[in-house]
Every structure is written in structure tokens, then in C-alpha cells.
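These notes concern the structure reproduced below.
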Amino acid sequence: MTIQDMGEATQLQSQQRFNGRRYQQIDDRSYIFPNDEQEQERLDMLHHIYRLVLDGRLHVAPIGNPQRVLDIGTGTGLWALDFAEYASCAFLRVDMSPIQPQMVAPNCSFMIDDLEQEWAYPSSRRFDYIHQRSMSGSIGDWSKMYKQALAHLEPGGWLEVQEFEVWFYSQLPGGLSPDSAIATWQKLIDDGSVALSRRLNYASRFKAHLEEAGFVDVRTQVIKTPIGTWPKDAKLRQIGLYLQAQMNEAVEAVTLGYLTRALGWSEAEVQIMLKNVRKEFNDRHRHLYTFCWFITGRKGTGPGDL
């Protein structure tokens, strides 16, 4: 589906509401998060956070001057739009939800697609770079998807994964108390995502899947990121400020689907628990942090890769 076809799809999905939020499909267990305006604003904030973590950069892969770029799970599409401002290449943005702005750069196109199905992109026009960000919890078989990604890359082309851990820690002596609201909450959403066969806390596992799919030169960069304004360093305080605000929005978006659909909670029970979770995320004295992962892999240039 092209961007011209979005009107009918958007009208259809606006009727698919659950627990007061709009979803792609309320009976679809493959993507458990909402796609309404509130969620779009959170995703835009998350884009800003990734750029802060990378000192303004959009990628870590040594991609040079790519001519064709694929952005899978593009979300609101800000990453591709920012990249397109200075890149002389063609962009294809792929997602299950048509929530991207219609006013885009002329070198950007959009397609609705299910990445777990057979990729329909012409093999004669392979990509130089494939970008994936914040897709944990959305794919059942990562190795299968990455094998398809490898087949659609030019020899020497790169794939990059950008992902936050969905697990949180405290820098205080003794770490995060096991009876804290956050510790209880993160264990519950982990259990819920496992029950749906799409684990959410997955950042540390992508490297193995890229290697299994056949990528070479697979590298990881892990950056410790604070939550809240407790660090002394000015840059870290800024990251922590935005990440704390993002978490205040994320806890509902992440939790509702897992706990009500997979674990049998009521919406009221979820909201009561989330009050305590937000309270802890907003407590700067807890010195909370998590990790942001960047994983890159290259398609080989041997005879079997041509």
C-alpha cells in the first residue's frame, strides 16, 4: 500500500480501540502497542533521545554514501526524514501502521508491509543500508527476518539495529530493590511478552541472530543511559530528562497490551500499578539507568554473496 492509500486504512484503524487507546488491530498479537497520537508523540520523543545518545548522529554503521536505504518498522518516520535531508539516496520506509506524515522529501516513499511475511521488494534493486529501531517485541522469528534482510542487501551493505533494553537498574549500592514497583513491573511485562512469543527485553540478543543469519563483522556498542536528572554531567542530565519523560508515557503503552491480553489483568488493575511505577521513575534519588544498544552487521562480498 502506498501513501495515497492511507486514508481508508487510517479510517479503519481509528475504530480499533482497546482500553482507551487505538491499535493497529486489537486481536493482533504480533504488535501489542498502540498507534494513536499519544503514542506517535512518544515515538517522536524517542527519536530525539536516540540522537542525544549519539551526539546528533543518526547511525553508527560505516555506510559511506548509500544510494538505497530501507527503514523497517519506521514508526512516525522521523529517522528517515532526518536522514533524507542530507542524503542523496532513495528511501523506502516500511511499517504496519500508516501513521507517517504525508508531506515528505521527494526521495522518501512508504509501504505498509508485514516484515514477518515474504519480502516483496525487487531483488534486482537491493539496498545499501537497512535501518531498524525500537522493534523489540514485534517479530516472532528474528533469524528468519534477518536472512531476508541479508538477501535484500547489496554485497558490502550494512544492517543496523538500535534498541533500548527494557530492563532497568539503580546505581545505588545494592541496585534496584527486588520488591520495588519497577522491578515487579518489568518482570510482569517480560512474562507477558514471553507468553506472546515476542520477548520485549531483547536488545542483547540481536547480535546472535545477525550472526546466525549470515552477517559478518557484527559489532555492538552499548551505552549506559540515565533516567532522570541525577547525573552531574550536563549531557547525561539532558538524556535523563527526556528519557524520564518518555518512560512516563511508555509505561502505559507497553503495559496495557501485555497485562490485559496475555496475563488477564483488568485495565483498572494496570492503571493502579502504573501509578507506583511512574512515581519511582520520577524519583531522582533512585539513580535509575538502562542501556542503549547499537548492533551493526555487514553482508559479505564473496562469490556466494553476489
Side-chain angles (χ1 to χ4, degrees), residues 1-14 16-18 20-26 28 30-54 56-59 69-87 89-115 127 129-139 160-164 166 200 203 225 239 242-257 292 294:
M1 181 182 292
T2 65
I3 197 165
Q4 289 81 9
D5 300 317
M6 287 185 184
E8 183 178 349
T10 304
Q11 183 178 12
L12 175 61
Q13 71 178 19
S14 68
Q16 300 173 351
R17 304 191 70 85
F18 186 67
R21 303 295 298 268
R22 190 186 73 199
Y23 291 80
Q24 172 69 16
Q25 290 181 347
I26 62 173
D28 185 359
S30 64
Y31 189 75
I32 202 73
F33 311 123
N35 67 352
D36 52 21
E37 289 75 13
Q38 182 178 345
E39 177 70 354
Q40 292 172 44
E41 291 177 0
R42 182 184 76 83
L43 294 176
D44 288 349
M45 189 189 309
L46 195 55
H47 170 70
H48 181 63
I49 293 168
Y50 276 108
R51 296 206 69 172
L52 288 175
V53 172
L54 288 178
R57 292 174 293 150
L58 292 167
H59 61 87
V69 174
L70 174 64
D71 186 24
I72 58 176
T74 192
T76 59
L78 284 190
W79 179 89
L81 295 180
D82 281 355
F83 201 120
E85 287 182 1
Y86 64 85
C89 61
F91 284 82
L92 176 60
R93 302 170 298 149
V94 175
D95 204 286
M96 293 181 68
S97 295
I99 58 174
Q100 297 70 31
Q102 297 194 31
M103 298 298 294
V104 297
N107 58 336
C108 280
S109 58
F110 172 74
M111 176 185 290
I112 291 179
D113 200 8
D114 183 350
L115 294 166
F127 300 97
Y129 175 57
I130 297 176
H131 174 262
Q132 169 197 323
R133 190 171 71 183
S134 295
M135 282 184 61
S136 285
S138 60
I139 300 294
E160 178 169 342
V161 179
Q162 303 181 358
E163 195 74 48
F164 273 95
V166 192
L200 181 63
T225 51
I239 292 173
Y242 279 100
L243 194 51
Q244 183 183 67
Q246 192 275 152
M247 287 308 306
N248 274 282
E249 294 295 324
V251 289
E252 179 181 276
V254 168
T255 309
L256 278 173
C292 190
F294 299 88

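We're numbering straight along the sequence, starting at 1. Please read these numbers as outputs of a predicted model, since none were measured by experiment.
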Using side chain to side chain contact (heavy atoms under 4.5 Å, CB included), reason through Arg93 and Leu81 one step at a time and then give a plain yes or no.
CA-CA 10 Å; Arg93 302 170 298 149; Leu81 295 180; 4.3 Å; yes
What is the minimum heavy-atom distance between [X] and [Y], and which atoms define it?
X	Y	result
Ala80	Cys108	O-SG, 4.2 Å
Thr74	Phe110	CG2-CE1, 4.1 Å
Leu115	Ile72	CD1-CB, 3.6 Å
Tyr23	Arg21	CD1-O, 3.4 Å
Asn248	Gln244	ND2-O, 2.9 Å
Ser136	Glu163	OG-CD, 3.0 Å

Any donor-acceptor pair under 3.5 Å linking the side chain of [X] with the backbone of [Y]?
X	Y	answer
Gln132	Gly73	no
Glu249	Glu39	no
Asp95	Gly75	yes
Ser109	Phe91	yes
Trp79	Leu58	yes

For side chain to side chain contact (heavy atoms under 4.5 Å, CB included), just list the numbers for Leu200 and Phe33, CA-CA rounded to whole Å, side-chain angles, deciding distance to a tenth of an Å, and then say yes or no.
CA-CA 11 Å; Leu200 181 63; Phe33 311 123; 3.6 Å; yes
So do the side chains of [X] and [Y] get within less than 4.5 Å of each other, counting heavy atoms only?
X	Y	value
Thr76	His47	no
Ser134	Tyr50	yes
Arg22	Asn35	yes

Less than 6.0 angstrom separating the ring centers of His59 and Phe83, yes or no?
yes
Find the distance between [atom1] ([X]) and [atom2] ([Y]) and round it off to the nearest 0.5 Å.
X	Y	atom1	atom2	result
Ile239	Leu52	CD1	CG	5.5 Å
Leu46	Phe164	CG	CZ	6.0 Å
Gln246	Leu43	CD	CG	8.5 Å
Met247	Arg42	CE	CZ	8.5 Å
His131	Leu70	NE2	CG	11.0 Å
Ile32	Ser138	CD1	OG	11.5 Å

With sequence neighbours excluded, give me every salt bridge (Lys or Arg N to Asp or Glu O under 4.0 Å) pair touching residues 69-81.
none
